[in-house]
Amino acid sequence: MLARLLCLASFIAVADCMTGRPNIIIMLMDDMGWGDVGINGNWAKETPNIDKMAAEGMLFMDFYTANPLCSPSRAALMTGRLPIRNGFYSTNAHARNAYTPQTIVGGIHEYEELLPKLLKQADYKSKIIGKWHLGHRQQFLPCNRGFDEFFGSGNCHFGPYNDIKTPNMPVYKNDKMVGRYWTNFTINKASGESNISQIFLQEGLSFIEKQHQEANPFFLYWTPDATHGPNYASPMFHGKSIRGIYGDAVMEMDYCVGKILEKLKELGIDKNTFVFFTSDNGAATYRGASGGDNGPFLCGKETTYEGGMREPGVAWWPGSIPAGTITHQLGNIMDLFTTSLTLAGVKPPQDRIIDGIDLSPILLDQTAPLIDRPIWYYRGNEMMAVRVGAYKAHYWMWTQFGKDPLKFTFCRGQYIQNVTVHDQINNTDQPILFNVNRDPGEKYIIGPKSKEYKTAMAIIDPIVKAHKEALEPGVPSLNYCDVSVQNWAPPGCEELNYCLPVPQSNPKLCVWDH
């Protein structure tokens with residue numbers, strides 16, 4: 001134990017105590033909710049492999065994303081920085097969620113240092129499989145931003161489109177398109193049947209085997225999108241879940257997780273591989289019964305309530321992470337950036353603020369004290385809320401535009417007076433406060449005249465003030481849209497005879513309704 005504690009003294013010491021540099025696998029699901037996994041209480045019992053992963057590793061009960069929407073959360077993971085710092089937000093309207101549809105002009109800024117590029121300093125080979133979503137134009141694609149290999153798409157699998165007004169999304173192998181969703185990589189629109197997840201699985205297994213054979217440390221970013229609507233599943237899982245096609249997709253994701261962990265054990269590299277499982281944002285409650293499960297939490301994707309940003313979090317590293325452990329450490333998707341660099345023996349960039357913290361002390365030592373840190377809840381260009389310890393203070397509130405307070409589509413079936421509000425409400429002068437340990441559903445407002453409120457806010461307000469005073473927002477990447485930048489003629493389309501006519505450029509400000 002003394003040797004392990006000494007190893008935790010600094011990131012250099014941590015790296016020195018390990019048997020070489022561990023391989024790193026981040027499994028990022030799409031729109032999967034905290035309550036979709038059995039280990040968090042899901043009643044459908046669709047995730048035996050993820051549950052086993054938690055039993056063999058560490059379960060994070062309080063793990064968060066950095067934004068309640070896909071693109072900004074992925075940008076935060078790759079940079080270790082809040083979207084307000086790395087530019088993945090919009091200033092076109094106040095507190096709007098923005099992302100990277102086909103029409104987006106921008107992408108991840110070239111001056112942002114991404115995780116795969118930094119890991120090259122320690123000779124890691126890297127691959128992303130699945131959904132990128134940090135810009136689909138050539139300069140933003142993964143192989144131009146540090147990844148050695150890429151199999152997947154710059155966008156989600158939306159469609160099918162007619163290739164006249166909107167092109168179907170290209171699927172890439174490294175820097176060239178090898179087909180398009182729906183036309184070449186098929187999804188049965190009526191049934192949701194597709195083999196795409198199995199293709200992503202085989203790509204991952206082959207990459208692991210290749211890097212093991214060549215004795216390379218590797219970083220695999222495995223990010224399938226089957227749990228994002230419209231959902232799909234292979235024939236092996238189609239129709240198997242009592243929850244319908246979404247549950248089928250969850251079952252297949254669980255199967256894939258199990259196969260990847262099984263491959264690590266088969267190759268004898270499980271004890272030298274750090275694996276983390278999580279999701280990019282909360283389940284899409286606006287899809288009703290066709291969406292996922294956010295457990296006991298309020299609302300879902302698109303919102304800064306707990307259901308929109310608290311995610312499943314499982315860390316696995318046999319022999320290093322004690323099996324069967326549960327932690328209430330406040331974790332964030334940005335921490336995977338800093339923790340991965342620490343484990344690889346690489347210093348994070350020193351010329352900018354990094355929001356992600358190093359979780360290795362928590363992962364490697366059960367006796368380590370919890371790290372005191374805030375969790376920021378941003379929606380676009382506005383800090384909506386912050387969590388410090390057990391307390392969460394809402395400085396702004398908004399669920400969704402609309403006239404009927406009983407029909408908040410982002411909080412379907414949930415209505416709490418003065419909490420789920422269809423207009424943007426500024427509570428900055430007197431934030432709405434919850435204790436999310438005893439009230440995870442954010443139902444019971446702590447009275448502003450109470451001693452508990454005054455004590456908690458005396459701690460929270462100075463933290464918020466310091467954060468805002470030091471904040472230097474990045475240049476927003478998600479302000480401009482243009483039909484001409486859609487996936488009309490991606491690299492490699494000539495070889496497939498699948499280039500489409502590019503319309504005239506007509507840039508304009510993107511409209512973000514939510």
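The analysis underlying the following values was restricted to heavy atoms, covering all of them including side chains, and did not include hydrogens, waters or symmetry mates.
- Here the side chains of P230 and K189 are not in contact, with every heavy-atom distance at 4.5 Å or above.
- Checking N67 against S73 by side-chain atom types alone, no donor-acceptor pair falls below 3.5 Å.
- Between the side chains of W396 and Q424, no donor-acceptor pair of N or O atoms lies under 3.5 Å.
- For the pair W376 (side chain) and V464 (backbone), a donor-acceptor distance under 3.5 Å is absent.
- Using modelled atom types and a 3.5 Å distance limit, the side chains of Y444 and R438 yield no donor-acceptor pair.
- Here the two rings, on W398 and H422, have centers that are 6.0 Å apart or farther.
- Taking the six-membered ring for Trp and the full ring otherwise, H394 and Y305 have centroids separated by under 6.0 Å.
- A salt bridge does not link D513 to R96: none of the charged side-chain nitrogens sits closer than 4.0 Å to a carboxylate oxygen.
- By the salt bridge (charged side-chain N to carboxylate O under 4.0 Å, His left out) test, K392 pairs with E306, E442, sequence neighbours left out.
- D355 contributes a side-chain N or O that, together with a main-chain N or O of L82, makes up a donor-acceptor pair within less than 3.5 Å.
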Begin with the C-alpha distance, continue with both residues' side-chain angles, and end with the deciding distance and a verdict on side-chain contact (heavy atoms from CB on, under 4.5 Å) for W316 and D270. CA-CA 9 Å; W316 185 88; D270 52 314; 3.6 Å; yes
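- Using a 4.5 Å heavy-atom cutoff, the side chains of I196 and Y181 are in contact.
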Kindly determine whether F88 and H109 satisfy ring pair (Phe, Tyr, Trp, His ring centres under 6.0 Å), including the steps that lead there. CA-CA 9 Å; F88 250 64; H109 287 305; 7.9 Å; no
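- Shortest non-hydrogen contact noted between L478 and C510 is O-SG, 4.1 Å.
- Counted by atom type alone, D365 and T367 present one or more donor-acceptor pairs between their side chains at under 3.5 Å.
- Counting heavy atoms from C-beta outward, H467 and P374 have side chains that stay 4.5 Å or more apart.
- Partner of N42 under the side-chain contact (heavy atoms from CB on, under 4.5 Å) criterion, chosen from V250, V37, D293, T47: D293.
- Side-chain contact check for T65 and E311: no donor-acceptor pair (N or O, by modelled atom type) lies under 3.5 Å.
- Put simply, the side chain of H136 does not reach to within 4.5 Å of the side chain of T100, judged on heavy atoms.
- SG distance check for C299 and C411: under 2.5 Å.
- In terms of heavy atoms, I354 sits closest to T79 at CD1-O, 4.0 Å.
- With hydrogens and angles disregarded, no donor-acceptor distance shorter than 3.5 Å links the side chain of D358 to the backbone of T338.
- T342 and S360 are not linked by any side-chain donor-acceptor pair at a separation below 3.5 angstrom, with hydrogens and angles left out of the test.
- The backbone N or O of W317 lies less than 3.5 Å from no partner atom in the side chain of S320, so there is not a single donor-acceptor pair.
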Walk me through it: do Y453 and K451 pass the test side-chain contact (heavy atoms from CB on, under 4.5 Å)? CA-CA 5 Å; Y453 183 95; K451 179 181 179 181; over 6 Å; no
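- Under the 3.5 Å distance criterion, with hydrogens and angles disregarded, no donor-acceptor pair is assigned to the side chains of N86 and E112.
- A salt bridge is defined here as a Lys NZ or Arg NE, NH1 or NH2 lying under 4.0 Å from an Asp or Glu carboxylate O, and K240 with E252 fails to meet this definition.
- In this structure, the side chains of R145 and P142 stay at 4.5 Å or more apart for every pair of heavy atoms.
- F63 and F276 have their aromatic ring centers within a separation under 6.0 angstrom.
- Between H133 and Y99, the ring planes are tilted. Angles from 30° to 60° get that label.
- The side chain to side chain donor-acceptor pair (under 3.5 Å) contacts involving residues 27-36 comprise D30-K131, D31-N281, D31-K301, D36-R243, D36-Y246, where partners must be two or more places apart or lie in separate chains.
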Pair F60, H328 - check ring pair (Phe, Tyr, Trp, His ring centres under 6.0 Å), show working. CA-CA 6 Å; F60 281 76; H328 286 281; over 10 Å; no
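- Judged purely by atom type and a 3.5 angstrom limit, N231 uses its side chain to pair as donor or acceptor with the backbone of A226.
- Taking the side chain as every heavy atom from C-beta outward, L59 and T325 never approach each other to under 4.5 Å.
- At a threshold of 4.0 Å, the pair K454-D461 does not count as salt-bridged, since none of the basic side-chain nitrogens sits closer than that to a carboxylate oxygen.
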Under the criterion side-chain hydrogen bond (donor to acceptor under 3.5 Å, both in side chains), I'd like the reasoning laid out for T420 against T399: C-alpha separation, chi angles, the key distance, then a yes or no. CA-CA 6 Å; T420 50; T399 50; 5.8 Å; no
Test log, rule disulfide (SG to SG under 2.5 Å), inputs C156 and C70: CA-CA 10 Å; C156 197; C70 45; over 6 Å; no
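- Nearest approach of L343 to P22, heavy atoms of both residues: O-CD, 3.3 Å.
- Looking at R85 and E472, no side-chain N of the basic residue comes within less than 4.0 Å of a carboxylate O on the acidic one, giving no salt bridge.
- A donor-acceptor contact shorter than 3.5 Å links the side chain of R387 to the backbone of G389.
- Taking 4.5 Å as the limit, some side-chain heavy atom of D51 sits within range of a side-chain heavy atom of I39.
- You'll find the ring centres of H238 and Y232 outside the 6.0 Å limit.
- Counting all heavy atoms, side chain and backbone alike, F140 lies closest to G106 at CE1-C, 3.5 Å.
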Begin from the C-alpha positions of N479 and T91 and carry the test side-chain hydrogen bond (donor to acceptor under 3.5 Å, both in side chains) through to its verdict. CA-CA 7 Å; N479 277 352; T91 54; 3.0 Å; yes
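- Contact annotation: the side chain of Y255 approaches that of F237 to within less than 4.5 Å [non-hydrogen atoms, C-beta and beyond].
- Across A93 and N381, no two heavy atoms sit closer than the pair O-OD1, 3.9 Å.
- Between the side chain of D439 and the backbone N or O of F434 there is no donor-acceptor pair closer than 3.5 Å.
- Of the possible donor and acceptor atoms, none in the side chain of T339 sits under 3.5 Å from a partner among the backbone N and O of L336.
- In terms of modelled atom types and a separation under 3.5 Å, the side chain of R373 and the main chain of L330 share a donor-acceptor contact.
- Taking every heavy atom of both residues into account, G356 and D335 meet most closely at CA-OD1, 3.3 Å.
- Using a 4.0 Å cut-off between charged side-chain N and carboxylate O, R379 and E382 make no salt bridge.
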Chi angles and distances behind the side-chain contact (heavy atoms from CB on, under 4.5 Å) call for M384, Y378: CA-CA 5 Å; M384 305 289 285; Y378 269 85; over 6 Å; no
